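Remarks on the structure that follows.
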2 protein chains.
Amino acid sequence: MTARRTRYAAYGGSTRPPYTITGTDTRRHLDTEIVSCHICFMMKSVTNGEAPTLDQARRQVEHYGLDADPQAVLVAVRLISAGARVGRAAEVHFARFGLSTGRYRLLADLEDHGGEKSPSRLAADLDVSRATVTGLLDGLEREGLVARRPSAEDGRGTVAILTARGAQRLRDMAPEHFGRLEAMVGGLSVAERTVFLDLLARVVRGSEALADD
Amino acid sequence: MTARRTRYAAYGGSTRPPYTITGTDTRRHLDTEIVSCHICFMMKSVTNGEAPTLDQARRQVEHYGLDADPQAVLVAVRLISAGARVGRAAEVHFARFGLSTGRYRLLADLEDHGGEKSPSRLAADLDVSRATVTGLLDGLEREGLVARRPSAEDGRGTVAILTARGAQRLRDMAPEHFGRLEAMVGGLSVAERTVFLDLLARVVRGSEALADD
DNA sequence: CCCCAATAGTTAGCTGCCTAATCATCGGGG
DNA sequence: CCCCGATGATTAGGCAGCTAACTATTGGGG
């Protein structure tokens with residue numbers, strides 16, 4: 001059979017190249033369009049990255065007869081939305097180097113720590129569960145970027161070590177990686193960056209209000 | 001056999017309550033601790049939500065002999081980190097109401113649009129792929145919060161409609177939901193919120209620098 | 001000196017998100 | 001009038017994150 005015409009057989013050997021994120025096929029629509037709605041007619045601006053709208057927030061709050069501040073709601077919703085958006089952009093970014101955000105963070109943390117660390121420490125420092133670290137290490141070990149070695153002091157423990165190949169990967173991607181990160185915040189002045197860091201930290205601290213109880 | 005002692009049998013019927021996010025078992029460690037490292041000894045402050053550090057960013061940039069601005073790198077990395085953090089908090093929040101962030105966003109968008117919308121429109125407006133919308137609708141339909149109906153005009157199309165049960169769910173959760181969102185940004189003054197919205201939008205727009213090419 | 005609670009790591013199963021491929025239908029150009 | 005490209009929706013497969021449960025080891029208290 002011709003290799004190209006096979007339908008489901010191609011999946012049989014799991015021969016899909018890992019991390020082939022290229023971009024969404026749902027192309028962005030026009031800047032502005034009329035939206036017909038059962039309740040009202042409204043202009044919906046789809047200016048990139050600025051959804052949802054203050055109008056939407058206001059409408060929702062009013063709809064349920066609450067006295068919440070629409071602007072406050074908007075900030076919260078935008079942050080959640082922005083987080084997902086930036087997270088996806090980061091995933092596309094790291095896919096270039098055959099990594100994911102999680103795998104890169106683990107590699108970089110290992111490098112910063114001298115090349116050795118236990119999975120538990122990694123989980124704590126990366127702020128993910130130990131199970132996630134197991135999964136990340138599995139993938140990285142398969143590609144030869146890290147290795148696992150039983151701990152010398154603790155019979156239960158393991159040590160993750162950065163391999164030469166892993167260190168090389170980090171070195172190779174560094175110029176483009178840091179260049180793109182810099183470009184990402186290039187639209188802000190130094191003063192604005194300082195303000196942004198402060199406000200971001202305070203909102204993140206406030207986001208515990210979502211999970212608390 | 002006693003229902004409590006069963007090991008894997010409990011999974012047999014897939015009788016796991018959906019969305020039982022309660023919090024991580026990796027409890028936070030102390031505020032400050034000494035970290036021994038092959039290269040250096042350093043104080044590692046784990047002040048909640050303020051990792052990674054400017055020092056880490058500076059060290060990394062220097063390590064590879066680049067001339068990137070450490071503060072710019074820090075802003076980018078913090079935003080990515082904060083996005084994941086806030087995203088997880090949101091997931092915990094929505095789990096309270098038997099929803100996920102994606103499912104809530106779909107429901108709310110439907111409600112705001114008069115209760116009817118095609119999956120393609122939902123995908124475009126929520127900024128996710130159509131495949132994701134299919135998955136979200138599957139879950140919501142299973143719980144009776146939305147229904148699918150073939151489109152009247154287009155033989156290919158489907159219309160997702162908000163059911164009475166779905167509208168009720170939104171109504172029930174509204175007070176607590178908006179209250180928590182408001183609390184989340186309660187640490188910011190109105191002026192600061194305005195600034196934050198502006199800066200956030202600009203950084204999100206800049207985050208295209210990660211995915212572009 | 002032994003036992004048991006705490007800890008380290010893994011595994012199983014879930015969700016959300018993605019891309020690529022598939023199937024059905026619409027609709028305009030030759 | 002028919003055909004083929006464009007579009008709507010789903011399916012299949014993959015990764016990352018989570019919780020809960022399981023196994024193995026450590027180490028302190030009775």
Side-chain angles (χ1 to χ4, degrees), chain A residues 5-27 84-85 87-88 90-92 94-95 99-103 105-106 118-124 126-139 148 150-151 153-160, chain B residues 6-12 14-27 84-85 87-88 90-92 94-95 99-103 105-106 118-124 126-139 148 150-151 153-160:
Chain A
R5 280 277 181 219
T6 54
R7 314 241 156 181
Y8 278 72
Y11 288 120
S14 185
T15 38
R16 193 121 159 285
Y19 294 113
T20 41
I21 297 173
T22 54
T24 321
D25 76 332
T26 58
R27 44 198 78 56
R85 206 185 191 76
R88 251 177 301 149
E91 221 62 57
V92 173
F94 288 116
L99 296 174
S100 67
T101 303
R103 290 188 190 179
R105 291 218 307 140
L106 196 156
S118 78
S120 290
R121 279 295 310 265
L122 283 168
L126 298 176
D127 196 31
V128 298
S129 71
R130 284 171 303 160
T132 295
V133 169
T134 296
L136 294 176
L137 285 177
D138 284 346
R148 270 188 264 228
S151 167
E153 304 98 35
D154 194 328
R156 300 165 292 180
T158 308
V159 178
Chain B
T6 54
R7 314 246 155 177
Y8 275 72
Y11 289 121
S14 185
T15 38
R16 194 120 160 284
Y19 296 113
T20 41
I21 297 172
T22 54
T24 321
D25 75 332
T26 57
R27 43 198 78 57
R85 207 184 190 78
R88 252 177 300 151
E91 222 62 59
V92 173
F94 288 115
L99 295 175
S100 67
T101 303
R103 289 188 190 180
R105 291 218 306 141
L106 196 156
S118 77
S120 292
R121 279 296 308 262
L122 284 167
L126 299 175
D127 196 31
V128 297
S129 71
R130 282 171 303 163
T132 296
V133 170
T134 297
L136 294 176
L137 285 177
D138 285 347
R148 270 189 263 227
S151 168
E153 304 99 33
D154 194 328
R156 300 165 292 181
T158 308
V159 177

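So that the names make sense, note that chain A is the first sequence line, chain B the second, and so on, each numbered from 1. Here the structure is a predicted model, which is why all the values come from computation and not from measurement.
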Quick check for you: among [options], whose closest atom lies nearest to any side-chain atom of [X]?
| X | options | value |
| --- | --- | --- |
| Arg88(A) | dC17(C), dA16(D), dG9(C) | dC17(C) |
| Arg103(A) | dG17(D), dA9(D), dA16(D) | dA16(D) |
| Arg130(B) | dC17(C), dG8(D), dG9(C) | dG8(D) |
| Ser100(A) | dA16(D), dC18(C), dA9(D) | dA16(D) |

Whole angstroms only, please: what is the [atom1]-[atom2] distance between [X] and [N]?
| X | N | atom1 | atom2 | value |
| --- | --- | --- | --- | --- |
| Leu137(B) | dG16(C) | CG | P | 11 Å |
| Asp127(A) | dA16(D) | CG | C1' | 14 Å |
| Asp138(B) | dT10(D) | CG | C1' | 9 Å |
| Leu126(A) | dA16(D) | CG | P | 13 Å |
| Phe94(B) | dC18(D) | CZ | P | 18 Å |
| Leu99(A) | dG14(D) | CG | P | 19 Å |
| Leu106(A) | dC15(D) | CG | C1' | 15 Å |
| Arg121(B) | dT7(D) | CZ | P | 15 Å |

Handout entry: Along DNA chain D (nearest heavy atom to each residue), the more 5'-positioned of Ser120(B) and Arg105(A)
Key =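 It is Ser120(B), whose closest nucleotide lies nearer the 5' terminus.
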Exercise for the section: Starting from the 5' end of DNA chain D, give me the residue, Val133(B) or Thr132(A), whose nearest nucleotide shows up first. Expected result: Val133(B)
Practice task
Please state whether the phosphate of dT10(C), meaning OP1 or OP2, lies under 4.0 angstrom from any side-chain nitrogen or oxygen of Thr134(A).
Solution key: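 It does, given that an N or O in the side chain of Thr134(A) lies less than 4.0 Å from OP1 or OP2 of dT10(C).
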Practice task
Apply side chain to side chain contact (heavy atoms under 4.5 Å, CB included) to the pair Thr134(B) and Arg130(B), showing each step before the final yes or no.
Solution key: CA-CA 6 Å; Thr134(B) 297; Arg130(B) 282 171 303 163; 5.6 Å; no
Exercise for the section: Drop me the distance from Leu136(A)'s CG to Arg103(A)'s CZ, to the nearest 0.5 angstrom. Expected result: 7.0 Å
Practice task
Starting at CG of Asp127(B), measure out to CG of Leu122(B) and round the result to the nearest 0.5 Å.
Solution key: 12.5 Å
For nucleotides 24-26 of chain D, which of its nitrogen or oxygen atoms have a protein nitrogen or oxygen under 3.5 Å away, and what is each distance?
from, atom 1, to, atom 2, distance (Å)
dT26(D), OP1, Gly155(A), N, 3.2

Practice task
Select from Gly135(B) and Ala131(B) the residue whose nearest nucleotide in DNA chain C is closer to the 5' end of that strand.
Solution key: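 Result: Gly135(B).
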Handout entry: Which atom of Leu137(B) lies closest to which atom of Pro119(B), heavy atoms considered
Key = CD1-CG, 4.0 Å
Practice task
Return the minimal non-hydrogen interatomic distance between Thr101(A) and Glu91(A), and the atom names on each side.
Solution key: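 Where Thr101(A) meets Glu91(A) most closely, the heavy atoms are N-OE2, 3.0 Å.
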Problem - Counterpart residues, side-chain hydrogen bond (donor to acceptor under 3.5 Å, both in side chains), relative to Arg148(B) (two or more places apart) - result: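 So Arg148(B) forms a side-chain hydrogen bond (donor to acceptor under 3.5 Å, both in side chains) with Asp138(B), Glu141(B).
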